[in-house]
Amino acid sequence: MDFPTTLIKAVKGTRDLLPPATEVWNGVEAAARAVFRAYNYHEIRTPIFEETQLFARGVGEETDIVTKEMYTFEDRDGSSLTLRPECTASVIRAYIEHRLDQRPGMQKLYYLGPMFRRERPQKGRYRQFYQIGAEAIGSESPMVDAEVIEMVVEILKRAGLAGFELLINSVGDRNCRPQYVERLRQELKSVAQGMCGDCQRRADTNPLRVLDCKVEADQPIIEKLPSIVDHLCDACRAHFEAVKQSLADRGLPYQVRPRLVRGLDYYMRTTFEVVHGSLGAQNSVLGGGRYDGLAEALGSKVHSPGIGFSIGEDRLVMIVEGGQSPAPLDLFIAPLGEPALRHAALMARDFRESGLSVELAEGKLKRVMELANKLGARFALIVGENEMAAGRYALKDMSTGEQESLTRDEIAAKLATALNC
RNA sequence: GUGGGCGUAGCUCAGCUUGGUAGAGCGCCGGAUUGUGGUUCCGGUGGCCGAGGGUUCGAAUCCCUCCGCCCACCCCA
């Protein structure tokens, strides 16, 4: 008998989510769905892969994301497909394709599911990762920005997260941003040589990223660089002020971070991020922003301004985990002997039908009681010959050890009261 | 793509410096207790010591190569 010498394992950067961790994932997702519902967002499910061009156009042809960090492959007919690295482009594509702009009001859509990136994995960053996100399409109002931010904070709270910080910024629009970037580039020409190697390179290739440098020695220089919030055009400044005002009205604490510059071309005006200290180098739990030109870039004939965010679910689960325990088992049934087993199977079905989680296992009583304990059962029900003859069964409360002899109706009533609280 | 750390039981790890044929705790299984769990006690199962090659009488241990995982960088969706 030959056994394979190399075990097949989950591929690099992917992982299995096992119970009881999956309970935490479901808890986070349930919290998100509840909040989405409260804000009148509705779920959209887009394909997990798309034509490569969608992401290339949406994200920017020249970015690292497109050139080397996507899961791109050739289909059998020669077309280039890509596993979605994010969902915003897909949502906008669907919005255009199905003329959702013709539907009444704004489109408020949410999604959740796996995304893919082809990078070296590290803490909180996997090749298959999960995002929960939403897009509000069809309005430029700063009130929408604030509501989206309020909603995402509500999701985090509802999911059980505490101790996070909300960071916001405005990156301007097509008018003022290029001017600011040029200004920054000029400024860097004189100071860049005093900075770290990465920054010297970025000063040319991607000046905005210099602002995000973490090298300690560079910080004094960065402090003196011009800030984007001082270079917004009138319209962008008014928008930003209105967003901040609305956040204040809503009692949402935030910090303005002029150095919060999202890397993607399509972001305009409001950008935001939530960070949490326990995450290591990848400390961002969620990011989002306004993308008023994206729909046009993807071929929309109508102006479809939007704002959205996506939560890194892997990271959120990582910091929420531990606070929640797996769902307990309501009832464990221990039948003794063959006739009791058949009888118990029917009892199990009835209790399950009434909404309880029920497990049933045969074997030596000591053995199955041990199992009941390990499974975290709230109650154990012993079904033996004595019980069947008497029509009264032994119901044991596993936490107190108390046991009483009850009829089926009494058991049902007792379980209902004990478990409904 | 680049750098660093780590691969020994299901899990967490010791053993490696100074080579002598594999350990602990937890878990799992059984017993003390023929129909009663948790605590306790006793016993047991469990390892191609990541893979391949080399040195040696002898390698988990020393050397080389490869693979995998983790962390960080680049970048960030």
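Every chain is numbered from 1 and lettered A, B, ... according to where its sequence line falls, protein lines coming before strand lines.
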Residues in side chain to side chain donor-acceptor pair (under 3.5 Å) contact with A/T22, at least two apart in sequence or another chain: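 For A/T22 there are no side chain to side chain donor-acceptor pair (under 3.5 Å) partners, ignoring immediate neighbours.
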By side chain to side chain donor-acceptor pair (under 3.5 Å), which residues pair with A/T271, not counting sequence neighbours?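 Side chain to side chain donor-acceptor pair (under 3.5 Å) check on A/T271 returns nothing, list empty.
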For nucleotides 41-47 of chain B, give me every protein contact, N/O to N/O, under 3.5 Å, one pair per line with atom names.
none

Is there a side-chain contact between A/Q122 and the phosphate of B/rC71, meaning an N or O under 4.0 Å from OP1 or OP2?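 For B/rC71, OP1/OP2 do not have a side-chain N/O of A/Q122 under 4.0 Å.
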Taking only the side-chain nitrogens and oxygens of A/R15, find out if one of them lies under 4.0 Å from OP1 or OP2 of B/rC69.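 No, because none of the side-chain N or O atoms of A/R15 sits under 4.0 Å from OP1 or OP2 of B/rC69.
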Could you pull out all residues at least two apart from [X] that satisfy salt bridge (charged side-chain N to carboxylate O under 4.0 Å, His left out)?
X: A/K396; result: none
X: A/K123; result: none
X: A/R125; result: A/E119
X: A/E370; result: A/K366

So if I take residues 112-119 of chain A and measure heavy-atom distances to RNA chain B, which residues fall below 4.0 Å?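 Going residue by residue through residues 112-119 of chain A, the ones with a heavy atom under 4.0 Å of RNA chain B turn out to be A/R117, A/E119.
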For A/E43, side-chain contact (heavy atoms from CB on, under 4.5 Å) partners two or more places apart: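 By the side-chain contact (heavy atoms from CB on, under 4.5 Å) rule, A/E43 matches A/R33, A/R45, A/Y110.
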Sequence neighbours left out, what passes side-chain contact (heavy atoms from CB on, under 4.5 Å) with A/E97? Give chain and number order.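 Only A/R93 meet the side-chain contact (heavy atoms from CB on, under 4.5 Å) criterion with A/E97.
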Distances for protein N/O vs nucleotides 35-39 of chain B N/O pairs under 3.5 angstrom?
{"from": "B/rG35", "atom 1": "O6", "to": "A/N386", "atom 2": "N", "distance (Å)": "3.2"}
{"from": "B/rG35", "atom 1": "O6", "to": "A/N386", "atom 2": "OD1", "distance (Å)": "3.3"}
{"from": "B/rG35", "atom 1": "O6", "to": "A/N386", "atom 2": "ND2", "distance (Å)": "2.6"}
{"from": "B/rG35", "atom 1": "N1", "to": "A/E387", "atom 2": "OE1", "distance (Å)": "2.9"}
{"from": "B/rG35", "atom 1": "N1", "to": "A/E387", "atom 2": "OE2", "distance (Å)": "3.1"}
{"from": "B/rG35", "atom 1": "N2", "to": "A/E387", "atom 2": "OE2", "distance (Å)": "2.5"}
{"from": "B/rU36", "atom 1": "O2", "to": "A/K396", "atom 2": "NZ", "distance (Å)": "3.2"}
{"from": "B/rU36", "atom 1": "O2", "to": "A/Q403", "atom 2": "OE1", "distance (Å)": "3.1"}
{"from": "B/rU36", "atom 1": "N3", "to": "A/Q403", "atom 2": "OE1", "distance (Å)": "2.9"}
{"from": "B/rU36", "atom 1": "N3", "to": "A/Q403", "atom 2": "NE2", "distance (Å)": "3.1"}
{"from": "B/rU36", "atom 1": "O4", "to": "A/Q403", "atom 2": "NE2", "distance (Å)": "2.8"}
{"from": "B/rG37", "atom 1": "O2'", "to": "A/N373", "atom 2": "ND2", "distance (Å)": "3.4"}
{"from": "B/rG37", "atom 1": "N7", "to": "A/K396", "atom 2": "NZ", "distance (Å)": "2.8"}
{"from": "B/rG37", "atom 1": "N1", "to": "A/M398", "atom 2": "O", "distance (Å)": "2.5"}
{"from": "B/rG37", "atom 1": "N2", "to": "A/N373", "atom 2": "OD1", "distance (Å)": "2.8"}
{"from": "B/rG37", "atom 1": "N2", "to": "A/M398", "atom 2": "O", "distance (Å)": "2.6"}
{"from": "B/rG37", "atom 1": "N3", "to": "A/N373", "atom 2": "OD1", "distance (Å)": "3.3"}
{"from": "B/rG38", "atom 1": "O4'", "to": "A/N373", "atom 2": "ND2", "distance (Å)": "3.0"}
{"from": "B/rG38", "atom 1": "N2", "to": "A/S399", "atom 2": "O", "distance (Å)": "3.3"}

Please state the C1' separation for the pair B/rU40 and B/rC57 - nearest whole angstrom.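 Taking atom C1' in both B/rU40 and B/rC57, they lie 50 Å apart.
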Distance-only polar pair, side chains of A/H303 and A/E296, donor-acceptor under 3.5 Å: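 A/H303 vs A/E296: donor-acceptor pair found between side chains.
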Hey, what are the protein-to-nucleotides 4-7 of chain B N/O distances that come in under 3.5 Å?
none

